[in-house]
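Notes follow the structure.
Note that this is a predicted model, so its numbers are computed, not measured. For the single chain, residues carry numbers from 1 onward in sequence order.
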Amino acid sequence: MQGSKPLSIACAWLLAGAANAAPQAVSRIAQLPAEVVAVREEMWPISEPGGPFNPSDVIDTDHPVPGQHLVSGQASPDLIRLTVEKGGLSSAVMKFARVDGHWQLVSQERRAPDGER
């Protein structure tokens, strides 16, 4: 298709709908379907693993960078689970599910830093 971006292997696999396929690792935002990326970006900007990231909860308006970054993820044809580290030393596990052919955020669980209850 002329003018369209080629799909990554992981995204093509997701969209193919392999029924009983084992979850695949997600290590880059580019591996995610566009709908999932759009939902994520509406919440807060996110950077790639190892990309620029503000690890604190103090926002520097002179040098803005995303306040969170992708740590890891797993994707199957109808479910995506992402672990995202947020500024202020916490993380979240986000679950997206394909509902009626569209990706939706179905749960988000905050994880406190190690040792905090």
Side-chain angles (χ1 to χ4, degrees):
M1 205 181 245
Q2 189 175 11
S4 65
K5 293 181 181 180
L7 294 174
S8 69
I9 292 171
C11 189
W13 173 83
L14 279 170
L15 297 175
N20 295 315
Q24 300 292 310
V26 173
S27 58
R28 308 248 333 135
I29 294 168
Q31 292 174 291
L32 298 170
E35 274 186 311
V36 172
V37 174
V39 170
R40 271 282 333 120
E41 289 291 328
E42 282 179 18
M43 297 170 73
W44 291 100
I46 184 171
S47 70
E48 296 281 359
F53 160 65
N54 178 3
S56 79
D57 55 1
V58 177
I59 298 172
D60 181 354
T61 56
D62 293 330
H63 303 93
V65 294
Q68 48 190 302
H69 70 116
L70 178 65
V71 174
S72 64
Q74 292 193 332
S76 63
D78 295 312
L79 183 66
I80 296 174
R81 181 181 183 272
L82 303 176
T83 300
V84 175
E85 183 179 8
K86 298 182 174 191
L89 303 174
S90 69
S91 64
V93 175
M94 307 174 79
K95 293 180 184 173
F96 295 84
R98 195 187 310 235
V99 178
D100 296 328
H102 298 280
W103 288 99
Q104 297 179 5
L105 178 65
V106 293
S107 72
Q108 179 173 263
E109 176 187 332
R110 181 185 178 274
R111 300 261 171 107
D114 290 341
E116 185 179 310
R117 300 249 175 219

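Proximity of a side-chain donor or acceptor of Q74 to a complementary backbone N or O of V26 within less than 3.5 Å is not detected. In this structure a side-chain-to-backbone donor-acceptor pair under 3.5 Å is present from S47 to P52. With hydrogens and angles ignored, the 3.5 Å screen pairs no side-chain donor or acceptor of E41 with any backbone N or O of A38.
Linking Ile, Leu, Val, Met, Phe, Trp and Tyr residues whenever their side-chain heavy atoms come within less than 4.5 Å places V37 and V84 in a single cluster. In the hydrophobic clustering of ILVMFWY residues, with side-chain heavy atoms under 4.5 Å counting as a link, I29 and V39 come out together. Cluster annotation: V106 is not connected to L32 through the hydrophobic network of ILVMFWY side chains, with a link wherever side-chain heavy atoms come within less than 4.5 Å.
Between L70 and S27, the shortest heavy-atom distance links the atoms CD2-C, 4.2 Å. When all heavy atoms of R98 and P77 are compared, the pair lying nearest together is NH2-O, 2.7 Å. Contact record, P66 with P45: CB-O, 3.6 Å, taken as the closest heavy-atom pair.
Distance check, rounded to the nearest 0.5 Å: CD of Q68 to CG of N54 gives 11.0 Å. Here K95 contributes atom NZ and S107 contributes atom OG; the two are 5.0 Å apart, rounded to the nearest 0.5 Å.
At a threshold of 4.0 Å, the pair E42-R40 does not count as salt-bridged, since none of the basic side-chain nitrogens sits closer than that to a carboxylate oxygen.
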Verdict with supporting geometry, E35 and H102, side-chain hydrogen bond (donor to acceptor under 3.5 Å, both in side chains): CA-CA 7 Å; E35 274 186 311; H102 298 280; 2.9 Å; yes

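Considering only heavy atoms from C-beta on, M94 stays 4.5 Å or farther from R81 through its side chain. Taking 4.5 Å as the limit, some side-chain heavy atom of P33 sits within range of a side-chain heavy atom of I80. Within the 4.5 Å cutoff, side-chain heavy atoms of F96 are placed close to those of L82. Between M43 and L105, the closest side-chain pair of non-hydrogen atoms falls below 4.5 Å.
When each of E48, K86, H69 is tested with F53 by the rule side chain to side chain contact (heavy atoms under 4.5 Å, CB included), just one qualifies, namely H69.
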